[in-house]
*Asks:* 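A single structure is presented below for examination.
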Amino acid sequence: MPATFSSCGTSASSSCRTSSWPWWVPWWSCPRWWSGWTAGLPAGQNRVRIARGIGEMRFSRLFVKTLRQAPAEADTVSHQLLLRAGMVQQVAAGVYAYLPLAWRVLRKIEQIIREEMDRAGGQELMMPGLQPVEIWEQSGRRDAFGKTLFTFTDRRDRRLCLGPTHEEVAAGLASRYVQSYRDLPLLLYHIQTKFRDEPRPRGGLLRVREFDMKDLYSFDVDEAGLDVSYKKMLQAYKNVYDRCGLPTVVVEADSGAIGGKESHEFMLIADSGEDEVFHCPACGYAANAEKAESVKPRLEAEEPASIEEVATPGIKTIEDLANFLGIPPSRTLKAVFYTADDQVVFVTIRGDFEVNETKLKNALKAHELRLASDAEVARAGLVAGYASPLGVHGIKTVGDDSIALGTNFVAGANKPDTHLRNVNYPRDFGVDILTDIALARVGDACPRCGERLQSIRGIEVGHVFKLGTFISERLGAYYLDKDGATRPIFMGSYGIGLGRLMAAAIEHSHDEQGIIWPLPIAPYHIYLCPLYTDDPEIERVAEDTYAQLEKAGFEVLFDDRRESPGVKFNDADLLGIPIRLTLSSRTLKQQSIELKWRSKKETELLPLSGLVETLKKLVGGSSEKANNRPQNRPRGLQSWQDCDIFYCKETYSEKWVKNPTFLLQGDGFSRMEA
RNA sequence: CGGGGUGUAGCGCAGUCAGGGUAGCGCGCAUGGUUUGGGACCAUGAGGUCGGCGGUUCGAAUCCGCCCACCCCGACCA
């Protein structure tokens, strides 16, 4: 039997038996290979599994095995569901292969992003994944990225790295193009794989080491120009998330290793999110916990008293100390030791606050910050548990501004089992740096309006930065202004991780049964689910319906398997295809097909006649657009630009609709209409 | 990098502590049959470097040593 026969069937044998196709006739002459016609064959024998055209898909041929149980390594919901739905496979820690279903979703997300970047004036290009380490040293970010940078040497001992981001390269490209202010502003973007050797990949696709990302770099003449580009991007990002059907909030953020002064993150609200966001329901202030500020309550002033020692045997923690002395934690001073770039740092903060390490790191302008080891603490002459800000010599000291908001604190005495009463700043001790290094707290006052802050969890799905000029200056990206003066280009940087967005969408939208895709990024629109019986009519109608829907431009996953209803329904739910159409003898009796939205419980019967038109109305697509899709479409959203608007309103969570205040106001953002 | 955990069939697990016969179970997979509206049933069957290397022993999934991979917490991190 020629091997080529398998091209038109599951196996050569089954195909040949059912078709009686003579083996000496070339397989490409087989009508079934090009027409996909299968109707009228006896039920039960029809095992023909073929794709009739680009993009059409029968479940039996799909490169997917769904799993009933999630692999043990997955413990976040999105990771479990991605694995169970057969969307990704892990290749190494934080390194994944994206299988067909995931790849379709990623391409849709990518296409939405591409359209919005283009609409905002961006120009797409491709940059290398490989970069010389020199440009990182030139920009001064080599140290900031540290071990996160994947580095190696080539055969000529040149040092290379895998690009974790592309500001340096982009600045280099721009510097050779931009000569005059007339060449600005400029928005360049690319969508490609980036590499970061994260200390700990985790959460499936939420934090990985190799990932596809859209990065746009803006180039402007000055701060004002940067502001305009930045606002354009904020709007473009909002459009992207809206079109993906994902409610996000904009929050102020720390710029981290990327650098720059102003920065915002887009957060998808999800209880499982690893980021905490503080927000003010009254004025709309919202910030990542790393960045968030709050008004620290000042304690009632007392007359400063003189210092006295108090014996506190075995009392080492603030909690114990407060209990032991019968005072609130706010009347104590906490001492914490860090090692910042190999220097021990003594940090003092009022007992009721916690240190915000991001703020501390920024205050110290340090690249690496970690808690000091016991050995390091001892070497610095400090007594852990009883360390005192008084009489610290030879090491850098940082104080949170909360230490000035009270009097007569209890602090360590720097000898075992002893504390000091009535310690006052700055009367009794000084610090090298006094600034805000505290974590904001729920219930503290909003720094803008004084209302109480609340907190919510989210997943970072986008991050934008106002970089300013530090990279352009170091990489020589200058232009001539109107007066002929040489000036550095103002840069901005705007990133969205595609895989993380996909995973975040699952975190946000799923139930016990599986994923619930928003229509615009769903791998398929429709799950066509015939329940086969002895009645060949079901199969005939199913094939016919499939052909009609495909022709009308719907993306249909046709479950042609002869599985039991339970298996099919469970797979449909697991994969999360937005619309399920069930065809059975039951519905056929009424000349109808059953429609069920994945996001809803109830089902409804649709008449078979005029089905395409009915679905178009339901989905909000137009036949014209659907039919006009290019043959080699990235089957993205270009033909569905209307439907995403329609669908977004459906998918916004109640929480979101009721609390539209998270959106940054007055920044080109308006409240979401409910 | 610190702490904890796990590696046995595609997936989930038992067996390991208390060393001995052919390494088991569920799901999935294959074949045949009966089934078909929420993960059906019967029968038969295939599938394993027990993470790797070394050691102890007549004999190691099991005991000892080293290493590796993966996961979780922390550190860290667009």
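Letters A, B, ... mirror the listed sequences (proteins, then strands); counts begin at 1. These figures come from a predicted structure and were not determined experimentally.
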*Asks:* I'd like to know if the side chain of A:Ser455 pairs up with that of A:His279 as donor and acceptor (distance under 3.5 Å, no hydrogens or angles considered).
*Replies:* no
*Asks:* Watson-Crick or G-U wobble partner for B:U36, using a 3.5 Å limit on both distances?
*Replies:*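 None - no nucleotide pairs with B:U36, as no candidate has both distances under 3.5 Å.
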*Asks:* Distance check: side-chain N/O of A:Ser564 vs OP1/OP2 of B:A40, anything under 4.0 Å?
*Replies:*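 Checking A:Ser564 against B:A40: at least one side-chain N or O falls below 4.0 Å of OP1 or OP2.
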*Asks:* Answer yes or no on whether A:Arg580 is positioned over the face of A:Phe569, meaning its NZ or CZ is under 6.0 Å from the six-membered ring centre and within 45° of the axis.
*Replies:*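 Yes, a cation-pi geometry.
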*Asks:* Determine whether the aromatic ring centres of A:His264 and A:Tyr237 lie less than 6.0 Å apart.
*Replies:* no
*Asks:* Please give, in whole Å, the distance from B:C72 P to A:Glu73 CD?
*Replies:*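 It works out to 9 Å between those atoms.
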*Asks:* Closer to the 5' end of RNA chain B via nearest nucleotide, is it A:Leu371 or A:Thr603?
*Replies:* A:Thr603
*Asks:* CG of A:Leu67 versus P of B:A9: gap in Å, rounded?
*Replies:* 15 Å
*Asks:* With a 3.5 angstrom cut-off on both distances, give the Watson-Crick or G-U wobble partner of B:G24, or none if there isn't one.
*Replies:* B:C13
*Asks:* Under 3.5 Å, is there a donor-acceptor pair between the side chain of A:Lys596 and the main chain of A:Lys600?
*Replies:*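 Side chain of A:Lys596 to backbone of A:Lys600: a pair is present.
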*Asks:* Within the structure shown, what part of the strands sits under 4.0 Å from A:Arg200 by heavy-atom distance: base, sugar-phosphate, or nothing?
*Replies:* base
*Asks:* State which residues pass salt bridge (Lys or Arg N to Asp or Glu O under 4.0 Å) with A:Asp143; sequence neighbours excluded, sorted by chain then number.
*Replies:* none
*Asks:* Rounded to whole angstrom units, what separation is found between the CD atom of A:Glu594 and the C1' atom of B:G38?
*Replies:*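 One finds 11 Å between C1' of B:G38 and CD of A:Glu594, rounded.
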*Asks:* Can you tell me the pairing partner of B:A18 across any strand shown, Watson-Crick or G-U wobble, with both distances under 3.5 angstrom?
*Replies:*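 None - no nucleotide pairs with B:A18, as no candidate has both distances under 3.5 Å.
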*Asks:* Is it true that, when you exclude A:Glu604 itself, more than 12 heavy atoms of the residues, nucleotides or ligands shown sit nearer than 6.0 Å to its CD?
*Replies:* yes
*Asks:* Distance alone, cut at 3.5 Å: any donor-acceptor contact between the side chains of A:Glu594 and A:Thr587?
*Replies:*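 Result is no, nothing qualifies.
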*Asks:* Rounding to the closest angstrom, what is the interatomic distance between B:C13 and B:C50 at atom C1'?
*Replies:*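 Comparing C1' positions in B:C13 and B:C50 gives a spacing of 14 Å.
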*Asks:* For B:G45, give the paired nucleotide (Watson-Crick: N1-N3 plus N6-O4 or O6-N4; G-U: N1-O2 and O6-N3; both under 3.5 Å), or none.
*Replies:*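 With both distances under 3.5 Å, B:G45 matches B:C29.
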*Asks:* A:His79 NE2 to B:C72 P: how many Å, rounded?
*Replies:* 8 Å
*Asks:* Calculate the interatomic distance between A:Leu369 atom CG and B:G74 atom C1'; express it in whole Å.
*Replies:*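 After rounding, the reported distance stands at 14 Å.
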*Asks:* Checking all strands, does A:Ala74 fall into the base, sugar-phosphate, or nothing category for heavy-atom contacts under 4.0 angstrom?
*Replies:* nothing
*Asks:* Please give, in whole Å, the distance from B:C73 P to A:Glu274 CD?
*Replies:* 9 Å
*Asks:* Between B:C76, B:C77, B:G39, spot the one nearest the side chain of A:Glu290, thanks.
*Replies:*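 Output: B:C77.
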*Asks:* Which residues in residues 569-576 of chain A have at least one heavy atom lying under 4.0 Å from any atom of RNA chain B?
*Replies:*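 Here the set is A:Phe569, A:Asn570, A:Asp571, A:Asp573.
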*Asks:* Taking any heavy-atom pair under 4.0 Å as a contact, classify A:Tyr338: base, sugar-phosphate, or nothing.
*Replies:*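 The residue A:Tyr338 makes no contact with any strand.
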*Asks:* With a non-hydrogen cut-off below 4.0 angstrom, is A:Gln90 in contact with a base, only sugar-phosphate, or nothing?
*Replies:* sugar-phosphate
*Asks:* Given the structure, check if the side chain of A:Arg84 and the base of B:G39 hold any donor-acceptor pair shorter than 3.5 Å.
*Replies:* yes
*Asks:* Can you check the A:Leu531 CG to B:G38 C1' distance for me, whole Å?
*Replies:*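 Taking atom C1' of B:G38 as the reference, CG of A:Leu531 is at 10 Å.
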*Asks:* Report the relative orientation of the aromatic rings in A:Tyr230 and A:Tyr494; use parallel for angles under 30°, tilted for 30 to 60°, perpendicular for over 60°.
*Replies:*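 Aromatic pair A:Tyr230/A:Tyr494 classed tilted.
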*Asks:* Please determine, for B:A61, whether a Watson-Crick or G-U wobble partner exists with both distances under 3.5 Å, and give it or none.
*Replies:*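 No nucleotide pairs with B:A61.
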*Asks:* Tell me which residues in residues 201-210 of chain A lie within less than 4.0 Å of RNA chain B, going by non-hydrogen atoms.
*Replies:* A:Pro201, A:Arg202, A:Gly203, A:Arg207
*Asks:* Give me the distance, rounded to whole Å, that separates B:G48 from B:C11 when you measure between the P atoms they each carry.
*Replies:* 14 Å
*Asks:* Tell me what A:Ala92 touches on the nucleic acid: a base, only sugar-phosphate, or nothing, going by heavy atoms under 4.0 Å.
*Replies:* sugar-phosphate
*Asks:* Between B:G19 and B:G3, how far apart are the P atoms? Round to whole Å, please.
*Replies:* 30 Å
*Asks:* Check whether any side-chain heavy atom of A:Thr358 sits under 4.5 Å from a side-chain heavy atom of A:Lys291, and report yes or no.
*Replies:* no
*Asks:* Would you call the rings of A:Tyr546 and A:Phe558 parallel, tilted or perpendicular, where under 30° means parallel and over 60° means perpendicular?
*Replies:*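 Geometry flag for A:Phe558 against A:Tyr546: tilted rings.
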*Asks:* Are A:Gln343 and A:Tyr338 linked by a side-chain donor-acceptor pair shorter than 3.5 Å?
*Replies:*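 On atom types as modelled, these side chains do not qualify, holding no pair under 3.5 Å.
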*Asks:* When you check every protein heavy atom under 4.0 Å of nucleotides 24-31 of chain B, what one-letter string (B, S, -) results, 5' to 3'?
*Replies:* --BSS---
*Asks:* For B:C76, which nucleotide in any strand shown is its Watson-Crick or wobble partner with both distances under 3.5 Å?
*Replies:*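 When the pairing criteria are applied, nothing turns out to pair with B:C76, so the answer is none.
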*Asks:* Can you sort out the partners of A:Thr339 under side-chain contact (heavy atoms from CB on, under 4.5 Å), two or more places apart, ordered by chain and number?
*Replies:*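 For A:Thr339, the residues satisfying side-chain contact (heavy atoms from CB on, under 4.5 Å) (neighbours in sequence not counted) are A:Val344, A:Arg370, A:Ala372, A:Glu376.
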*Asks:* Return yes when atom CD of A:Glu137 has more than 12 non-hydrogen atoms of other residues, nucleotides or ligands closer than 6.0 Å, and no otherwise.
*Replies:* yes
*Asks:* Would you verify whether the NZ or CZ of A:Arg561 falls within 45 degrees of the ring axis of A:Phe59 while also being under 6.0 Å from that six-membered ring's centre?
*Replies:* yes
*Asks:* Counting only heavy atoms and a strict 4.0 angstrom limit, can you tell me which residues of residues 164-172 of chain A come near RNA chain B?
*Replies:* none
*Asks:* Can you tell me the pairing partner of B:C50 across any strand shown, Watson-Crick or G-U wobble, with both distances under 3.5 angstrom?
*Replies:*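 Pairing partner: none.
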*Asks:* With the side chain counted from C-beta on, respond yes when A:Leu268 and A:Glu507 share a heavy-atom pair under 4.5 Å apart, and no when they do not.
*Replies:* no
*Asks:* So, do A:Phe346 and A:Phe337 have ring centers that fall under 6.0 Å from each other?
*Replies:* yes
*Asks:* Name the pairing partner of B:G7, where a pair is Watson-Crick or G-U wobble with both distances under 3.5 Å, or state none.
*Replies:*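 The answer is B:C68, by the H-bond criterion.
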*Asks:* Figure out the CG/P separation between A:Asn362 and B:C77, and round it to whole Å.
*Replies:*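 Interatomic distance, CG of A:Asn362 to P of B:C77: 10 Å.
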